[in-house]
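Bear in mind that the values here come from a model prediction, so they are computed numbers and not experimental data. So you know, we letter chains A, B, ... as the sequences are listed, proteins then strands, and number each from 1.
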There are 2 protein chains.
Amino acid sequence: MKKDKESISKLSEFYKVFGDTTRLHILYTLLQKEMCVGDLSKLLNISQSAISHQLKILRLYSLVRYEKKGQCVFYSITDEHVKKILEDGFLHMSEL
Amino acid sequence: MKKDKESISKLSEFYKVFGDTTRLHILYTLLQKEMCVGDLSKLLNISQSAISHQLKILRLYSLVRYEKKGQCVFYSITDEHVKKILEDGFLHMSEL
DNA sequence: CCTTTCTATGAATAATTGTTCATATATTCA
DNA sequence: TGAATATATGAACAATTATTCATAGAAAGG
């Protein structure tokens, strides 16, 4: 695995995505079940706009996917690999 | 594993530490061999002060340890667990 | 249609974080 | 002891990132 400037920069971006409480809250909530934007907003007590902006970033990094059902847009964790990353996070931390 | 506000906040802090190119560069450099502040500064072409400030954060999170030898302070990765986290990072990313 | 509801988004603002600059402390060596 | 070298650190400044605010678009229901 190369550890040049380029890939270290990529890796730091990757970590940065997880390094925000709003995004982590969204991710761990979606780990339980898929949810639409408004529900996330109410549940986490964060404005709809803020949620939407952060979901955009999570989408950009392919951490969540979405499906439109009527007026609602349901978001969910992309796949098992992302779920694993999320579960590993707590393990790593608790070992430090 | 509890996923309350408190622990999600802790976890995001943990990720945040890795979410900076300077700190990652330092960490991956120290993964090769222990090094003193000045050498890191020269090698990475980052001011001594910036390196020192970032090392302080890495120390705070127990990711590095240091040993004073004369005027120099040699830094190294704390332990195998931290090394594992660093190596896992690239794997996770490459699978996304 | 018109209104309501849900979501997305650009721009402005607020908050956070990183770097630089100036300087202090400690150690070595002449 | 005095000068040089290595590191740390507080404060100011710069840069980045998140949130809010205002608003637009899309779908559903009356």
Pair listing, salt bridge (charged side-chain N to carboxylate O under 4.0 Å, His left out) test, anchored in residues 50-73 of chain B, at least two apart: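 Of all non-adjacent pairs touching residues 50-73 of chain B, those that pass salt bridge (charged side-chain N to carboxylate O under 4.0 Å, His left out) are B/Glu34-B/Lys69.
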
Contact list for residues 5-19 of chain B, test salt bridge (charged side-chain N to carboxylate O under 4.0 Å, His left out), sequence neighbours left out: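 Not a single pair qualifies under salt bridge (charged side-chain N to carboxylate O under 4.0 Å, His left out).
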
Which residue lies more 5' along DNA chain D, comparing B/Ala50 with B/Lys42 via nearest heavy atoms: B/Lys42

Sugar-phosphate only, base, or nothing, as touched by B/Phe74 at under 4.0 Å among non-hydrogen atoms: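 The residue B/Phe74 makes no contact with any strand.
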
Are [X] and [N] close enough that a side-chain N or O sits under 4.0 Å from OP1 or OP2?
X: B/Arg59; N: D/dT9; value: yes
X: B/Lys16; N: C/dT17; value: yes
X: A/Ser49; N: C/dT9; value: no
X: B/Lys68; N: C/dA26; value: no
X: A/Ser47; N: D/dT20; value: yes
X: B/Tyr75; N: D/dA6; value: no
X: B/Arg23; N: C/dG18; value: yes

Is any side-chain N or O of [X] under 3.5 Å from a base N or O of [N], one able to act as donor and the other as acceptor?
X: A/Gln71; N: C/dT5; value: yes
X: B/His53; N: C/dT17; value: no
X: A/Gln54; N: D/dA18; value: no
X: B/Gln48; N: D/dA6; value: no

Distance in Å, B/His53 NE2 paired with B/Ser47 OG, rounded so as to fall on 0.5 Å steps: 8.0 Å

Closest nucleotide among D/dA18, C/dT7, C/dG10 to the A/Cys36 side chain: C/dT7

Pair A/Lys84 + A/Glu87: basic N to acidic O under 4.0 Å: no

Spacing between B/Ile26 atom CD1 and D/dA8 atom C1', to the nearest angstrom: 14 Å

Heavy-atom donor-acceptor pair, B/Thr78 side chain to B/Val64 backbone, under 3.5 Å: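 The answer is yes, because a donor-acceptor pair under 3.5 Å joins these two groups.
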
